[in-house]
Amino acid sequence: MTPEPVLAAATNLALLLLSLALLMTVLRIIRGPTLPDRVLGLDMLVAIAIGFIAVIAIKTGFNLYIDIGIALGLVGFLATVAFARFILTRGLAPEQPTERAAKPKPALKRDRVPETARRKRRGGR
């Protein structure tokens with residue numbers, strides 16, 4: 001038995017599994033309730049694309065694909081860092097109102113000072 005049929009079956013199985021992972025990730029990006037979920041999904045898409053490139057490099061024997069995968073990994077990392085900085089500067093405003101956000105805050109009594117204000121006046125913890 002030669003290794004070619006085993007390698008062909010393994011690469012075909014890997015491509016099938018990567019296609020399934022790609023489909024599930026795209027669905028998660030579409031349905032993702034928050035922006036960080038979508039950013040994480042896009043990072044996962046980059047990882048799956050690198051996997052596709054690696055499997056195709058093995059299947060065809062063309063080693064230049066490995067360099068393309070490394071470059072895609074660097075670009076994907078920089079894009080994830082840029083999105084994370086965007087989320088940090090923008091803040092994590094929820095896209096859909098939650099139960100806690102819908103409840104009004106109770107009004108403070110006039111004769112009582114909140115605990116945090118008392119701490120600030122004394123200068124201690």
Side-chain angles (χ1 to χ4, degrees):
M1 184 169 171
T2 61
E4 286 84 18
V6 175
L7 185 63
T11 55
N12 288 336
L13 179 66
L15 288 174
L16 178 71
L17 291 175
L18 284 168
S19 299
L20 182 65
L22 182 78
L23 177 68
M24 289 173 28
T25 303
V26 167
L27 289 175
R28 182 74 260 170
I29 290 173
I30 292 170
R31 293 187 54 197
T34 62
L35 183 61
D37 291 334
R38 290 188 172 104
V39 170
L40 189 65
L42 289 173
D43 192 39
M44 189 66 194
L45 279 181
V46 170
I48 292 170
I50 292 170
F52 270 118
I53 290 170
V55 171
I56 290 174
I58 291 170
K59 192 171 183 138
T60 61
F62 196 54
N63 292 333
L64 185 62
Y65 287 134
I66 301 298
D67 297 333
I68 295 170
I70 290 171
L72 180 61
L74 292 172
V75 170
F77 170 73
L78 292 176
T80 303
V81 169
F83 277 130
R85 291 208 33 126
F86 171 74
I87 290 171
L88 281 176
T89 58
R90 178 178 169 248
L92 290 175
E95 294 177 8
Q96 299 174 354
T98 60
E99 277 187 34
R100 287 178 37 197
K103 292 181 184 177
K105 292 183 178 179
L108 296 174
K109 294 182 182 178
R110 290 189 181 258
D111 59 338
R112 293 202 55 186
V113 179
E115 182 71 25
T116 55
R118 272 189 266 143
R119 287 182 186 166
K120 286 181 184 176
R121 263 192 273 152
R122 282 188 269 170
R125 290 182 160 212

Pairing residues for [X] by the side-chain contact (heavy atoms from CB on, under 4.5 Å) criterion, not counting sequence neighbours:
X: Leu13; result: Leu17
X: Leu20; result: Met24
X: Ala49; result: Leu72
X: Ile48; result: Leu18, Ala21, Leu22, Thr25, Met44, Phe52

Tell me whether Leu74 is reachable from Ile53 by hopping between hydrophobic residues (I, L, V, M, F, W, Y) whose side-chain heavy atoms are closer than 4.5 Å. no

Can you measure from CG (Leu40) to OG1 (Thr34) and round to the nearest 0.5 angstrom? 9.5 Å

Inter-residue atom distance Ile50.CD1 - Ile68.CD1, 0.5 Å rounding: 12.0 Å

Determine the minimum heavy-atom distance between Arg38 and Arg31, stating which atoms define it. NH2-C, 4.5 Å

What is the minimum heavy-atom distance between Ala57 and Ile66, and which atoms define it? CB-CD1, 3.8 Å

Any side-chain hydrogen bond (donor to acceptor under 3.5 Å, both in side chains) involving residues 4-14? Give me the pairs, sequence neighbours left out, ordered by first then second residue. Thr2-Glu4, Asn12-Lys59

Please table the atom pairs, donor to acceptor, closer than 3.5 Å between any side-chain atom in residues 78-89 and protein atoms at least two apart or in another chain.
{"residue": "Thr80", "atom": "OG1", "partner": "Asp43", "partner atom": "OD1", "Å": "3.0"}
{"residue": "Thr80", "atom": "OG1", "partner": "Gly76", "partner atom": "O", "Å": "2.9"}
{"residue": "Thr89", "atom": "OG1", "partner": "Arg85", "partner atom": "O", "Å": "3.2"}
{"residue": "Thr89", "atom": "OG1", "partner": "Phe86", "partner atom": "O", "Å": "3.0"}

Just so I know, are the side chains of Arg90 and Leu35 near enough to count as touching, which here means a heavy-atom distance under 4.5 Å? yes

